[in-house]
Amino acid sequence: LPPQEKGSTFLQLGSSTEQQLRVIFEVLEEYDWTAFAVVTTLLPGYEDFVDYVEVLTDSSFIGWEHRGVVTLNLTDDPEGARTRRQLREVTAQIRLLYCSRDEAEAVFRAARDAGLAGPGYVWFVVGTNLGGSEQLPEH
């Protein structure tokens, strides 16, 4: 690649996340779901994800009610007790989750155990490596 194009793969991945978020925000707007929270793991890129959510909401004429960011450290919480507690503290029923596929299974297991995965809760999962498997997640 010419020197000015180094890192274009990373930009493509970032663009994919950006595109996913743009579509999600169109859905949120369509259903008038203006109150939401962001839940992330420590997956590389999570800080950029949080920043981009802020850019989308701050630059919009929609009256978004961003109810905060919860960052989960799944590595230091093998039993999921802290994860369940952190998820219960989120007041929005609409949640934007940024994580890997493996992490999504752990987060949704904790959410289910905390009573936060049933009717009345809407989760949008964003990430660069969520697909590509024929095996469906258990949760």
Side-chain angles (χ1 to χ4, degrees):
L1 293 173
Q4 68 270 21
E5 291 188 31
K6 281 187 177 175
S8 64
T9 302
F10 173 79
L11 292 176
Q12 182 179 357
L13 291 175
S15 164
S16 171
T17 301
E18 177 183 330
Q19 290 168 348
Q20 290 176 48
L21 272 174
R22 286 185 181 276
V23 169
I24 288 168
F25 272 91
E26 286 178 18
V27 171
L28 294 177
E29 181 181 349
E30 181 69 27
Y31 285 93
D32 200 26
W33 292 337
T34 55
F36 67 91
V38 172
V39 179
T40 74
T41 62
L42 298 174
L43 180 70
Y46 78 95
E47 292 159 320
D48 295 329
F49 176 80
V50 170
D51 290 345
Y52 193 67
V53 167
E54 290 178 14
V55 166
L56 282 175
T57 56
D58 290 349
S59 64
S60 172
F61 64 89
I62 305 291
W64 297 111
E65 188 181 336
H66 189 320
R67 295 197 183 166
V69 178
V70 172
T71 303
L72 307 172
N73 184 341
L74 302 177
T75 306
D76 290 346
D77 187 27
E79 298 300 316
R82 184 175 54 218
T83 300
R84 289 189 297 276
R85 180 182 47 77
Q86 286 179 284
L87 291 175
R88 281 190 199 103
E89 292 171 359
V90 176
T91 60
Q93 291 179 294
I94 308 297
R95 295 147 188 249
L96 309 183
L97 173 61
Y98 178 80
C99 64
S100 70
R101 181 180 178 86
D102 290 341
E103 291 171 328
E105 293 195 35
V107 171
F108 283 120
R109 187 178 316 109
R112 186 201 65 216
D113 292 347
L116 305 170
Y121 293 94
V122 179
W123 292 78
F124 290 92
V125 185
V126 181
T128 55
N129 60 347
L130 294 170
S133 173
E134 293 182 15
Q135 181 180 1
L136 294 173
E138 179 184 344
H139 305 287

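Remember, it's a predicted structure, so these values are computed and weren't measured experimentally.
Phe124 meets the ring-ring contact (aromatic ring centres under 6.0 Å, His included) test with no other residue; sequence neighbours excluded.
Note on ring orientation: taking the six-membered ring where Trp is involved, the planes of His66 and Phe36 are tilted (angle from 30° to 60°).
A salt bridge does not link Glu26 with Arg22: none of the charged nitrogens is closer than 4.0 Å to a carboxylate oxygen.
Between Thr41 atom OG1 and Leu97 atom CG the span is 7.0 Å, to the nearest 0.5 Å. Atom CG in Leu21 sits 10.0 Å away from atom OH in Tyr98 (nearest 0.5 Å). Taking OH of Tyr46 as the reference point, atom CG of Leu72 lies at 11.0 Å (rounded to 0.5 Å). The structure places CD1 of Ile94 at 5.0 Å from CH2 of Trp33, a figure rounded to the nearest 0.5 Å. Put simply, OH on Tyr52 and OG1 on Thr57 are 11.0 Å apart, with the number rounded to the nearest 0.5 Å. Atom CZ of Arg109 is separated from atom OG1 of Thr83 by 10.5 Å, given to the nearest 0.5 angstrom.
Side-chain atoms of Arg84 come within 3.5 Å of backbone atoms of Glu79 as a donor-acceptor pair (strictly under, hydrogens ignored). Asp77 places a side-chain N or O within 3.5 Å of a backbone atom of Ala81 that can act as its donor or acceptor partner. Using modelled atom types, one side-chain atom of Gln93 and one backbone atom of Gly120 make a donor-acceptor pair closer than 3.5 Å.
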